**Student:** 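Input: one structure, supplied below.
If you read the sequence from its start, that first residue is 1, and numbering goes on from there. From a predicted model like this one, the values you see are computed outputs, not experimental measurements.
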Amino acid sequence: MQIKVAKTAGFCFGVNRAVDMIYKMLAEGKKVATLGPIIHNDSVVNDLKSKGAVICSSPEEVPEGCTLVIRTHGVGEDIIKRAEKCSGGYVNATCPFVQKIHKIVKSESEKGNVVLIAGDDKHPEVEGIKGHCVSESFVFSDCKHLDKIMEAHPEFAEKAVSVVSQTTFSVKEWQKCVKKIKLVYTNAVVFDTICNATEERQAEAAELSKECDLMVVVGGRASSNTAKLVKVCSANCKTYHVETADELKSLDFAGFEKIGVTAGASTPACIIKEVLQTMSEIVENKEVIEADAENKKEEAVSMDEMSFSEALEESLKNLTTDQTVKGEVVGISPNEVQVDIGRKHAGYVPLSELTNDPSLSPEDVVKVGDVIDLIIMKTNDAEGTVMLSKRRYDAIKAWDDVVKASEEGTILEGTVTDVIKGGVLVVTGALRVFVPASLATASRGEPLENLLKTKVRFKVIEVNKQRRRAVGSIRAVLKEERKAAEEAFWADAEEGRKYTGTVKSLTSYGAFVDIGGVDGMIHISELSWGRIKHPSEVVNVGDTVEVYIKALDRENKKISLGYRKVEDNPWEILRRDYPVGSIVDAKIVGITAFGAFAQVIPGIDGLIHISQLSTEHVEKPQDVVKGGDIVKVKITNIDFDKKRVSLSMKEAVAPAEEAAEEATDAE
């Protein structure tokens, strides 16, 4: 006879996190109260009670000085507000996957959407989800129940509908319900909120039950996910549901050649271990097969060569601190990452051990399905958990890379995470490298704050292997890159070539522009067709500008740049749009004894001779016009060579008067 244990059996991350949190608080001497049983497992709950944990049905029942722990299932917003009034404060141990559902339904219901929740209406998790809805919400347990809601509320077909599910809802039933929802509610938004661990556990249980003659499902009878495992397995073979090892003694195992064992998310490793040990006493001449998380092959362990307890200990063996392992990311939450390391232990990587870069979230570092290298930090055999570190593994590898880069003079990349006294810290891999202020920028005096959170390239110029410290230089790389860019520029540069550049600095006589490794200057006269007093009237430091090379001095490495475009030349605009004879509105910009100057278009002023100011005799131009007046003028002559324009107010008025006289004669 053979026994095969499901790889995913036992505590899920969320449950393990909550239970571990309470045990830690109790070990620190804190008074702890839980809002209802922390999980659906009497053995764990009773053990916590024996250590001093108090179970309360409401925040108001929490004893003075006790810290209230919100259980994994989560609660509604109203209960959270009441928990805030507890004298000992509260800790929210709600599973991160459930918290995500809370955020979804709150956001969707605030929009006025109808919220449909797939799950058990009386389950604490579902009650908590409903407690975050501010609009209508309805719970359905299966397709038949969903049909009743649809029949009772035909108006939902015209409304915005948002759909979520309990994390432990049956995957198969969810898929059927979603298909129906999409057919009836074409405007429905569906959020797949079944926990991936739950989905994997159910899928593995289904496959295992197809291979076995008998399935043993271990878990509390009040546990929703355990009940679903029983249902999944029962569809394929005979299934026993046990809560403790003692229940096995009354069961019949005769005639079964292959037995599968799985456990709900609320079942700790110690109970699974006890169940297996009890089965070993009941069943004779058998083999134990453990799922191999790495190669997925079945490995038979002969009971003649190894006792059952030895085989079990091999499977649940203590993981040595500092041992390196590979782990597959199976879940991501704001504060930690859950990993499968191929053992019965539930692996997790706290955010502080995930990366050295505080600006990154877990999603920025890993994604579900990634296989990552880790170092074991702490093992808790009693709870079946192991804390791991990616940061420290990466730091070891990064140090080797840094030493190698120092020896070979290669360039490394990293992110500036901190500006400190005397320089900046650059994280490469998971290692921090110090870059002195004098070597952090292209030139001295540049603000180091501009580097914060940016990616930089640097060289390692010094390492201290004893203290595992390294010093880098960003300037060394910038200097090399600029030199290479400069050589490439001069090899290819020619007059008339266009470039996109960045304004680096301004002076009273022009603007200096970086055009890719070299600086060129736009003289103030080249910045505008009109008169300007300072370059800042046209450009500012940091602006991106289109320029062209006007002149090159290769010997002295000087570049004169052009900025003005021919098509923007006001004289070309005048030639194109304002031929002689045109009548335009002009602004008086100056008055002399012999006439007035008026702006025809920006950049071009014309002269209205005193004789052309009026049809009548004018002694002083001031008698007719003053600065700022808008007057109608006729362009009588343009000298493009001498850049002169002659204007006449008299001739601009005459056509209007002639037109008026003709109109009078016609009457």
**Student:** Counting distance only, does the side-chain N/O of Arg554 pair as donor-acceptor with the main-chain N or O of Trp490 below 3.5 Å?
**Tutor:**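 Looks like yes, one N/O pair under 3.5 Å.
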**Student:** Between atom OG of Ser333 and atom NZ of Lys100, what is the distance when rounded to the nearest 0.5 Å?
**Tutor:**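 Separation between the atoms: 12.0 Å.
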**Student:** Taking all atoms of both residues into account, what is the closest heavy-atom pair of Ala493 and Tyr499, and its distance?
**Tutor:**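 It is CA-OH, 3.9 Å.
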**Student:** Output the distance between atom CD (Gln338) and atom OH (Tyr348), rounded to the nearest 0.5 Å.
**Tutor:**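 Going from the CD atom of Gln338 to the OH atom of Tyr348 covers 11.5 Å.
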**Student:** Is a side-chain donor or acceptor of Asn569 paired with a backbone partner of Trp571 at a separation under 3.5 angstrom?
**Tutor:**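 Yes.
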**Student:** Between Asp629 and Lys626, is there a donor-acceptor pair closer than 3.5 Å when you use the side chain of the first and the backbone of the second?
**Tutor:**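 Yes.
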**Student:** Any salt bridge linking Lys404 with Glu407? Criterion: basic side-chain nitrogen under 4.0 Å from a carboxylate oxygen.
**Tutor:**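 Result for this pair is no, no salt bridge flagged.
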**Student:** Before accepting this row, confirm whether a basic side-chain N of the pair Glu480/Lys483 lies closer than 4.0 Å to the acidic partner's carboxylate O.
**Tutor:**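 No, no charged N to carboxylate O under 4.0 Å.
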**Student:** Determine whether Val580 and Thr636 make a side-chain contact, defined as any pair of heavy atoms from C-beta on separated by less than 4.5 Å.
**Tutor:**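 The answer is no, as the side chains (C-beta and beyond) never meet within the 4.5 Å cut-off.
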**Student:** For the residue pair Ser165 and Thr193, confirm or rule out a side-chain donor-acceptor distance under 3.5 Å.
**Tutor:**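 Per modelled atom types, Ser165 and Thr193 side chains form a pair under 3.5 Å.
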**Student:** Regarding Lys367 and Asp370, does a basic nitrogen lie under 4.0 Å from an acidic carboxylate oxygen?
**Tutor:**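 Yes, Lys367 and Asp370 are salt-bridged.
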**Student:** Heavy atoms only: give me the nearest Arg457-Ile411 pair and the separation to one decimal.
**Tutor:**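 Taking Arg457 first and Ile411 second, the nearest heavy atoms are NH2-CD1, 3.6 Å.
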**Student:** Side chain of Glu353, backbone of Pro350: donor and acceptor closer than 3.5 Å?
**Tutor:**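 Checked: no pair found.
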**Student:** Quick one: do Arg469 and Glu462 make a salt bridge, cutoff under 4.0 Å?
**Tutor:**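 Salt bridge flag = no for Glu462 with Arg469.
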**Student:** Kindly write out the residues that satisfy side-chain contact (heavy atoms from CB on, under 4.5 Å) with Ala437, not counting sequence neighbours, or none if the list is empty.
**Tutor:**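 Testing Ala437 for side-chain contact (heavy atoms from CB on, under 4.5 Å), a comparison that skips the adjacent residues, returns Leu448.
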**Student:** Excluding sequence neighbours, so at least two apart, what forms ring pair (Phe, Tyr, Trp, His ring centres under 6.0 Å) with Phe434?
**Tutor:**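 Scan of Phe434 (ring pair (Phe, Tyr, Trp, His ring centres under 6.0 Å), adjacent residues dropped) gives none.
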**Student:** Please check if the number of heavy atoms outside Glu619 that lie under 6.0 Å from its CD is greater than 12.
**Tutor:**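 No, the 6.0 Å shell around CD holds no more than 12 heavy atoms from other groups.
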**Student:** With heavy-atom distances below 4.5 Å as the criterion, would you say the side chains of Lys587 and Ile630 are in contact?
**Tutor:**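 They are in side-chain contact.
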**Student:** How close do Leu527 and Pro535 get, heavy atom to heavy atom, and via which atoms?
**Tutor:**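 In this case the closest contact between Leu527 and Pro535 is CD1-CB, 3.5 Å.
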**Student:** Among Ser137, Ser107, Ser162, which residue satisfies the side chain to side chain donor-acceptor pair (under 3.5 Å) criterion with Asn113?
**Tutor:**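 By the side chain to side chain donor-acceptor pair (under 3.5 Å) criterion, Asn113 pairs with just one of Ser137, Ser107, Ser162: Ser162.
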**Student:** Taking Glu537 for its side chain and Lys533 for its backbone only, find out whether a donor-acceptor pair lies under 3.5 Å.
**Tutor:**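 Confirmed, Glu537 side chain pairs with Lys533 backbone.
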**Student:** Take atom CZ of Arg497 as the centre, draw a 6.0 Å sphere, and report whether it contains more than 12 heavy atoms from other residues, nucleotides or ligands.
**Tutor:**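 Result for CZ/Arg497: enclosed.
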**Student:** Does the Ser109 side chain pair with the main chain of Val134, one donor and one acceptor, at a distance under 3.5 Å?
**Tutor:**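 Indeed, once roles are kept as given, a pair shorter than 3.5 Å links the two residues.
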**Student:** Treating Arg475 as the side-chain partner and Thr441 as the backbone partner, does any N or O pair qualify as donor plus acceptor under 3.5 Å?
**Tutor:**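 Between the backbone of Thr441 and the side chain of Arg475 there is a qualifying donor-acceptor contact (under 3.5 Å).
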**Student:** Are any non-hydrogen side-chain atoms of Val329 and Ile372 less than 4.5 angstrom apart?
**Tutor:**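 They are in side-chain contact.
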**Student:** Measure the shortest side-chain to side-chain distance between Leu374 and Val349 over non-hydrogen atoms and say whether it is less than 4.5 angstrom.
**Tutor:**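 Sidechains of Val349 and Leu374: in contact.
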**Student:** Could you measure the distance from the OG atom of Ser389 to the CG atom of Asp394? Nearest 0.5 Å is fine.
**Tutor:**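 Here the rounded value is 8.0 Å.
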**Student:** Mind checking whether Gln99 and Asn92 have side chains closer than 4.5 Å, heavy atoms only?
**Tutor:**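 Yes, side chains in contact.
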**Student:** Quick one: list whatever passes ring pair (Phe, Tyr, Trp, His ring centres under 6.0 Å) with His153, sequence neighbours left out.
**Tutor:**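 Checked His153 against ring pair (Phe, Tyr, Trp, His ring centres under 6.0 Å); matches are Phe138, Phe156.
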**Student:** Measure from the side-chain N and O atoms of Thr428 to the backbone N and O of Leu431, and report whether any donor-acceptor pair falls under 3.5 Å.
**Tutor:**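 No, Thr428 side chain to Leu431 backbone: no donor-acceptor pair under 3.5 Å.
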**Student:** What pair of heavy atoms forms the shortest contact from Glu494 to Ile549, and how long is it?
**Tutor:**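 Between these two residues, the closest heavy atoms are O-CD1, 3.6 Å.
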**Student:** Return yes if a side-chain donor-acceptor contact under 3.5 Å exists between Thr500 and Glu546, otherwise no.
**Tutor:**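 A pair is found: one side chain offers a donor N or O, the other an acceptor, under 3.5 Å apart.
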**Student:** To the nearest 0.5 Å, what is the distance between OG (Ser648) and NZ (Lys650)?
**Tutor:**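 Rounded to the nearest 0.5 Å, the OG-NZ separation comes to 6.5 Å.
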**Student:** Check residues 180-189 and write down every donor-acceptor pair under 3.5 Å in which the side-chain atom is one partner and the other belongs to a residue at least two apart or another chain.
**Tutor:**
| unit_1 | atom_1 | unit_2 | atom_2 | d |
| --- | --- | --- | --- | --- |
| Lys180 | NZ | Asp147 | OD1 | 2.9 |
| Lys180 | NZ | Asp147 | OD2 | 3.0 |
| Asn187 | ND2 | Lys159 | O | 2.3 |

**Student:** Between CG of Asp418 and CG of Leu452, what distance do you get to the nearest 0.5 Å?
**Tutor:**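 Taking CG in Asp418 and CG in Leu452, the distance rounds to 7.0 Å.
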**Student:** For the residue pair Phe191 and Val163, establish whether any side-chain heavy-atom pair is separated by less than 4.5 Å.
**Tutor:**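 Not in contact.
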**Student:** Check this for me: does any side-chain nitrogen of one of Lys397 and Asp401 sit under 4.0 Å from a carboxylate oxygen of the other?
**Tutor:**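 Looking at Asp401 together with Lys397, the answer is yes, because their closest N to O distance falls below 4.0 Å.
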**Student:** I'd like to know if the side chain of Asp577 reaches the main chain of Leu574, judged simply by a donor and an acceptor atom lying under 3.5 Å from each other, with no hydrogens or angles considered.
**Tutor:**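 No, because the side chain of Asp577 does not come within donor-acceptor range (under 3.5 Å) of the backbone of Leu574.
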**Student:** Tell me whether the count of non-hydrogen atoms from other residues, nucleotides or ligands lying under 6.0 Å of CD in Glu158 goes above 12.
**Tutor:**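 Result for CD/Glu158: open.
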**Student:** Nearest heavy-atom pair of Leu451 and Val416: which atoms, and what distance?
**Tutor:**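 Closest pair (atom of Leu451, atom of Val416, distance): O-CB, 3.3 Å.
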**Student:** Can you list the steps and then say if Lys632 with Asp585 is a side-chain contact (heavy atoms from CB on, under 4.5 Å)?
**Tutor:** CA-CA 5 Å; Lys632 281 195 177 298; Asp585 290 328; 3.2 Å; yes
**Student:** What do you reckon, is CD of Glu155 surrounded by more than 12 foreign heavy atoms closer than 6.0 Å?
**Tutor:**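 Yes - once you tally the heavy atoms of other residues, nucleotides and ligands closer than 6.0 Å, there are more than 12.
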**Student:** Could you check whether any side-chain N or O of Thr415 sits under 3.5 Å from a backbone N or O of Thr454, counting only pairs where one atom can act as donor and the other as acceptor?
**Tutor:**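 Not a single qualifying donor-acceptor pair exists.
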**Student:** Check residues 504-526 and write down every donor-acceptor pair under 3.5 Å in which the side-chain atom is one partner and the other belongs to a residue at least two apart or another chain.
**Tutor:**
| unit_1 | atom_1 | unit_2 | atom_2 | d |
| --- | --- | --- | --- | --- |
| Thr507 | OG1 | Tyr509 | N | 3.3 |
| Thr507 | OG1 | Gly510 | N | 3.2 |
| Thr507 | OG1 | Gly510 | O | 3.3 |
| Asp514 | OD1 | Gly516 | N | 2.8 |
| Asp514 | OD1 | Gly517 | N | 3.1 |
| Asp519 | OD1 | Arg482 | NH2 | 3.2 |
| His523 | ND1 | Ser525 | N | 3.1 |
| His523 | ND1 | Ser525 | OG | 2.9 |
| Glu526 | OE2 | Lys550 | NZ | 2.8 |

**Student:** Val435 vs Val471, test: side-chain contact (heavy atoms from CB on, under 4.5 Å). Steps then yes/no.
**Tutor:** CA-CA 6 Å; Val435 178; Val471 177; over 6 Å; no
**Student:** So does Lys179 have more than 12 non-hydrogen atoms from other groups sitting under 6.0 Å from NZ?
**Tutor:**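 No, because the 6.0 Å sphere around NZ of Lys179 holds 12 heavy atoms or fewer from other groups.
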**Student:** Within this structure, what is the CG-NZ distance for the pair Leu388 and Lys326, rounded to the nearest 0.5 Å?
**Tutor:**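 Here the rounded value is 13.5 Å.
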**Student:** Apply side-chain contact (heavy atoms from CB on, under 4.5 Å) to the pair Val477 and Val456, showing each step before the final yes or no.
**Tutor:** CA-CA 9 Å; Val477 176; Val456 295; over 6 Å; no
**Student:** With the side chain counted from C-beta on, respond yes when Glu77 and Lys106 share a heavy-atom pair under 4.5 Å apart, and no when they do not.
**Tutor:**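 In short, these two side chains touch, coming nearer than 4.5 Å.
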**Student:** Mind listing the closest non-hydrogen atom pair of Ile638 and Ile635 along with its distance?
**Tutor:**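 Smallest interatomic distance, heavy atoms only, reads CG1-CG2, 3.7 Å.
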**Student:** Sequence neighbours left out, cut at 3.5 Å: what donor-acceptor pairs do the side chains of residues 594-610 make with other protein atoms?
**Tutor:**
| unit_1 | atom_1 | unit_2 | atom_2 | d |
| --- | --- | --- | --- | --- |
| His609 | ND1 | Ser611 | N | 3.1 |
| His609 | ND1 | Ser611 | OG | 2.9 |

**Student:** Between Ile101 and Val105, is there a side-chain heavy-atom distance shorter than 4.5 Å?
**Tutor:**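 They are in side-chain contact.
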